[in-house]
Enquirer: 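What follows is a single structure, and I will ask about it in a moment.
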Amino acid sequence: MSINYPRLDDRSYDDLLKDAKKRLHQQCADWSGSDPSDPGVILLELFSYLTEEMLYRLNKLPEKSYVEFLKLLGVEQRPPVAASVDLQFSLKEPAEKELFIPRHTAVTIANPSMEAPIFMTIESASIKPGEKEVMVKAFHCLYHEAEDLGKGDGKSGFVAQLKNRPIVQRDYGNLLKTIIAVETDDLIQSSDTLRVDEVTYKIWEEVDTVRDLSCSQKKFYLERSEGIVRFPLEMYDDQSNERFGLSHKGKQIRAWYYTGGGGSGNVMSNTLTVIISDNPLLRESGVSVTNPQKAAGGQGSESIESILKRGPLAIHSLDRVITAQDYELCAEEDADVVKAYAYTKAALWQYAERGVVSLFMVPTIESFKQEEIESEDTLQGLYVAGRDQQIIERVGKVVEKKKSLGVRVELSWAPIKVLNIHGTIILHPYRLDKREIKEQALQLLYDKICGVKRESQSSLVKGHSINISELYTLLMSIPGVSHVKNLHFNIARTPHREVTSLCADPFVEKRFYATALEHLYFSDNDGADWHSLLCRKNETLTNVTLNPVDPGNIAFISDRYDPEHDGCVGSSIHYSIDNGESWTEHKFSMPLYDCAWLQYDNKNYLMIATERGLFKVDTSLHDDSDTPPQPMYVDKRVDGFYAVATVKDARGNVFVAVASTNRKGVFISPEGGEPGTYLDIGLSQQDVRTITFEESGSRLFLWMGTTVVGDQDGDGCFRLEVTDGHIIASNSTPFKQGWQGGSCKALALCNGIVYAATHRRGLLSLRWQEDDSKWEQPVIDCGLPMRDLERLFYPVNDVVISKGRVLTATEVGVYAQTEEGSYKPVSKKEKYDRVTIPQSWFLCSGKHEIALEEIHEEREY
């Protein structure tokens with residue numbers, strides 16, 4: 001929020017000089033000096049310059065007063081944050097006896113040419129006999145022990161000044177805790193007392209704001225940036241006639257605290273190699289030290305400009321958080337949070353639980369340059385590096401204290417989408433500063449699409465589209481640039497290859513899901529942009545499906561792989577009942593082929609087709625288990641199943657259909673898939689591996705697609721009608737005319753048209769209600785990805801239709817049908833127009849690649 005500060009006098013140097021000359025002509029009409037070297041002109045210019053300086057200082061007065069007023073309201077300057085690192089103390093040979101490394105052992109870098117940051121161990125450790133090393137946590141700080149703050153003067157609201165400042169940020173637990181203790185006459189030792197020079201000191205408690213000092217006599221408030229300790233006002237108890245507060249004269253006050261912090265502590269790995277210690281045993285032991293990883297998390301004190309920006313907003317949410325803006329400001333008070341976004345959960349998803357606030361936070365990453373973030377995996381690692389669950393718990397405690405009764409808050413790191421910008425800049429001829437222009441171009445891009453540094457918070461791009469034209473305009477503003485060509489987005493994660501399945505959300509318009517390799521993706525704009533919902537390392541995801549009855553129920557299958565062994569080691573079924581926020585996994589030691597949601601007796605189940613039978617999982621339990629349920633009995637002749645489909649018809653009948661392995665036929669249950677209710681409908685001579693139900697008015701059909709081996713054309717599809725809860729057995733209608741696609745891999749139906757995903761002929765379509773219907777094959781230039789002239793199209797692994805929108809899953813990405821009936825890719829890594837993200841996500845720069853070319857003009861002689 002910008003602030004228009006009052007200007008007591010807004011005249012500039014030119015205005016002052018002009019007014020002075022005008023006044024001089026009025027008072028001394030005979031003076032005609034106009035030469036710049038004239039002594040009178042020189043004096044006027046000098047006085048104008050000095051007056052402008054005076055006005056500048058005068059106009060700063062409201063700004064200083066404003067900051068002081070904010071302090072009275074509890075809006076303080078954020079203190080520095082100390083970088084942390086794990087130090088490795090090691091010996092050349094295993095220790096013969098225990099080597100003790102005391103707490104607050106200081107370590108620094110070996111470069112005397114610069115101001116060396118000092119790190120101190122925050123806990124004691126030792127290298128045990130027979131061992132060679134030990135890891136110890138350290139912070140970039142200095143420890144000040146039992147500092148004498150003088151004695152109380154008996155006045156209300158006593159203030160003490162620490163000798164060193166600034167004090168590092170609070171909220172490191174008890175690791176970097178500031179202790180203020182006051183001399184007491186009570187000689188009984190306890191956990192809240194300290195003993196110094198035979199004197200007992202009572203530890204007082206630090207409060208969050210200066211206003212809390214009136215609540216207790218044993219509390220203090222610390223202005224960490226200024227090093228000022230404020231004690232309570234004097235209070236009086238009518239019942240005991242006792243005065244509280246620091247009202248007794250002559251009581252000694254001492255402080256134990258840490259100073260330091262700042263960005264200089266973010267040192268590189270293996271640079272902290274010098275031990276600073278007076279301990280002779282440590283010096284003579286030959287122990288060495290280093291930091292295997294970078295020190296991270298350090299940042300300096302908040303600037304005055306930042307205080308002025310957040311001050312007007314912060315004063316509205318000091319005691320309670322009510323609006324979304326209040327929640328965001330409360331989270332941003334934490335130094336490890338650069339930005340926060342708050343929404344009611346129902347605003348993000350209309351079927352969400354009411355009374356829940358989703359608070360997404362963006363971490364501050366100061367120890368890495370933006371250009372070092374090369375991929376989304378790298379950024380995700382930086383997200384949590386040195387910022388574990390303690391930060392979320394810390395912010396959660398503050399929010400819990402201030403939130404309204406009955407509101408539940410869910411905190412998490414904000415989802416990200418990484419963009420890499422590629423393109424070429426054409427320079428004007430004979431530019432000698434090419435390197436400078438490239439660096440300037442990259443910096444502009446990193447600043448435009450940033451999001452991980454506090455000073456770049458204004459450039460966060462959240463929940464909105466970004467057009468490539470914006471970047472063209474940005475780069476064209478650089479001096480020396482003639483024009484820019486071939487500028488495009490390169491998206492880090494998108495289903496651009498080996499897409500195995502697709503699914504449309506029956507409750508949210510324009511929302512689709514896709515599985516590809518290790519990722520589950522979703523799109524909320526009809527497939528135009530895709531975002532990674534989750535990633536399962538060393539797994540391949542398949543068969544995503546959504547519950548058609550209950551919103552937010554998602555399931556998919558994954559094949560697990562062991563990096564040290566070839567081949568699949570088993571499969572898992574994953575399901576979520578809260579729109580993908582949390583997941584439950586059931587592991588199987590066998591391959592899983594298909595899954596479908598089933599609602600029966602007011603409970604949700606997952607029916608899972610495997611090579612060893614049909615399994616039924618109760619999703620209301622949603623607990624992880626490595627022990628799968630027992631298979632259900634279908635038919636004694638059948639061992640396994642390739643496909644499963646479920647439906648609840650208009651009359652309330654629940655059907656479950658399964659296609660068996662080894663050409664054992666198709667079975668259907670009219671009673672919710674209960675054991676002993678499956679009927680054999682034939683097709684035992686066909687290898688059926690895909691089945692789906694179609695509801696057409698009051699009629700219900702089961703469609704079945706067949707699989708063939710080699711270059712055979714295949715037998716196409718079969719259809720079975722189910723009427724009044726009874727199966728018309730041995731009445732499956734074949735649809736083979738015009739079929740040349742080989743295996744049928746998936747089926748989708750809409751408005752009397754059947755779409756079949758095939759292995760060799762792309763996406764076939766059939767208007768089955770017409771007389772003499774036959775399969776229509778796509779033309780060569782339809783837009784579907786071509787493989788070669790012999791096999792034509794790449795295999796289409798899946799097809800889905802929603803609101804007339806047709807999407808197909810192929811080995812080279814997702815393709816969507818256009819209004820003209822052709823197809824276009826919608827999941828490529830390269831985009832030349834714009835990129836959008838969901839409402840709660842934000843964009844972040846990856847690794848931009850900008851090439852330079854120079855125009856070579858021909859000269860005429």
Side-chain angles (χ1 to χ4, degrees), residues 324 327-328 331-332 337-350 352 356-365 370 373 375-384 387 392 410-421 445-446 448-453 456-468 470-471 489-496 505 508-514 516 519-535 552 554 576 578-583 826-827 829 831 833-846:
Y327 282 96
E328 293 168 359
E332 289 170 12
V337 178
V338 62
K339 196 70 176 175
Y341 308 118
Y343 307 89
T344 59
K345 199 171 183 180
L348 299 176
W349 185 49
Q350 59 181 323
V356 180
V357 174
S358 295
L359 183 58
F360 300 97
M361 300 180 295
V362 181
T364 302
I365 301 174
Q370 189 71 39
I373 304 172
S375 68
E376 190 165 348
D377 291 329
T378 305
L379 183 61
Q380 197 65 36
L382 297 182
Y383 239 39
V384 297
R387 311 180 190 285
I392 292 182
E410 295 180 351
L411 288 86
S412 63
W413 295 121
I416 59 174
K417 190 178 185 71
V418 174
L419 287 183
N420 308 302
I421 309 301
L445 293 175
Y446 289 130
K448 177 68 176 178
I449 312 171
C450 185
V452 293
K453 295 194 176 183
S456 299
Q457 56 184 320
S458 61
S459 62
L460 290 174
V461 183
K462 174 187 68 70
H464 299 288
S465 64
I466 179 170
N467 296 311
I468 200 68
E470 300 177 45
L471 304 183
F489 302 107
N490 186 282
I491 304 171
R493 285 182 175 175
T494 187
H496 66 286
D505 194 320
V508 182
E509 190 176 358
K510 298 184 179 182
R511 191 176 180 92
F512 291 86
Y513 292 85
H519 296 273
L520 173 64
Y521 295 93
F522 75 94
S523 171
D524 53 9
N525 58 354
D526 253 354
D529 292 278
W530 294 88
H531 323 286
S532 177
L533 183 61
L534 61 83
C535 175
I554 312 170
S576 171
D578 54 11
N579 204 39
E581 292 188 9
S582 61
W583 293 88
V826 292
S827 64
K829 291 177 66 69
K831 293 199 70 174
D833 46 7
R834 69 173 185 169
V835 171
T836 64
I837 51 176
Q839 184 179 1
S840 60
W841 288 47
F842 78 95
L843 292 172
C844 187
S845 285

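In this text the structure is predicted, and so the values were computed from the model without any measurement.
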Enquirer: Shortest non-hydrogen contact from S412 to I392?
Expert: CA-CD1, 4.3 Å
Enquirer: Could you pull out the closest heavy-atom pair between F489 and N467, with the gap in Å?
Expert: CZ-C, 4.1 Å
Enquirer: Taking the side chain from Y343 and the backbone from Q839, do they hold a donor-acceptor pair closer than 3.5 Å?
Expert: yes
Enquirer: CZ of F512 to CG of N525: how many Å apart, nearest 0.5 Å?
Expert: 10.0 Å
Enquirer: Could you check if a side-chain atom of P838 sits within less than 4.5 angstrom of a side-chain atom of F522, using non-hydrogen atoms only?
Expert: yes
Enquirer: Measure the CG-CG distance between L471 and L445 for me, rounded to the nearest 0.5 Å.
Expert: 6.0 Å
Enquirer: For a quick test of reading the model, state the closest non-hydrogen atom pair linking W530 to P495 and the distance between them.
Expert: CB-CD, 3.4 Å
Enquirer: Rounded to the nearest 0.5 Å, how far apart are SG of C535 and NE2 of H519?
Expert: 4.0 Å
Enquirer: State the CD1-CZ distance between I466 and R834, to the nearest 0.5 angstrom.
Expert: 12.0 Å
Enquirer: Return the minimal non-hydrogen interatomic distance between I554 and G580, and the atom names on each side.
Expert: CD1-N, 4.0 Å
Enquirer: Under the side chain to side chain contact (heavy atoms under 4.5 Å, CB included) criterion, do D524 and H531 qualify, and how do the steps go?
Expert: CA-CA 9 Å; D524 53 9; H531 323 286; 4.0 Å; yes
Enquirer: Using 4.0 Å as the upper bound for N to carboxylate O, is an ion pair formed by D529 and K417?
Expert: no
Enquirer: Is N490 reaching over with its side chain to a backbone N or O of N420, donor-acceptor style, under 3.5 angstrom?
Expert: no
Enquirer: How far apart are the closest heavy atoms of P415 and S840, and which atoms are they?
Expert: CD-O, 3.7 Å
Enquirer: Measure the shortest side-chain to side-chain distance between I491 and H496 over non-hydrogen atoms and say whether it is less than 4.5 angstrom.
Expert: no
Enquirer: How many angstroms lie between CG in N579 and CG in L348, if you round to the nearest 0.5 Å?
Expert: 10.0 Å
Enquirer: I want to check something: taking the side chain as every heavy atom from C-beta on, are L843 and I837 in contact at a cut-off of under 4.5 Å?
Expert: yes
Enquirer: Could you measure the distance from the CD1 atom of I468 to the CD1 atom of I421? Nearest 0.5 Å is fine.
Expert: 5.5 Å
Enquirer: Using a 6.0 Å cut-off, check whether atom NZ of K829 has over 12 heavy atoms from anything other than its own residue.
Expert: yes
Enquirer: State, to 0.1 Å, how close A340 and E332 come at their nearest heavy-atom pair, and which atoms those are.
Expert: N-OE2, 3.2 Å
Enquirer: So, S576 side chain and S582 main chain: donor-acceptor pair closer than 3.5 Å or not?
Expert: yes
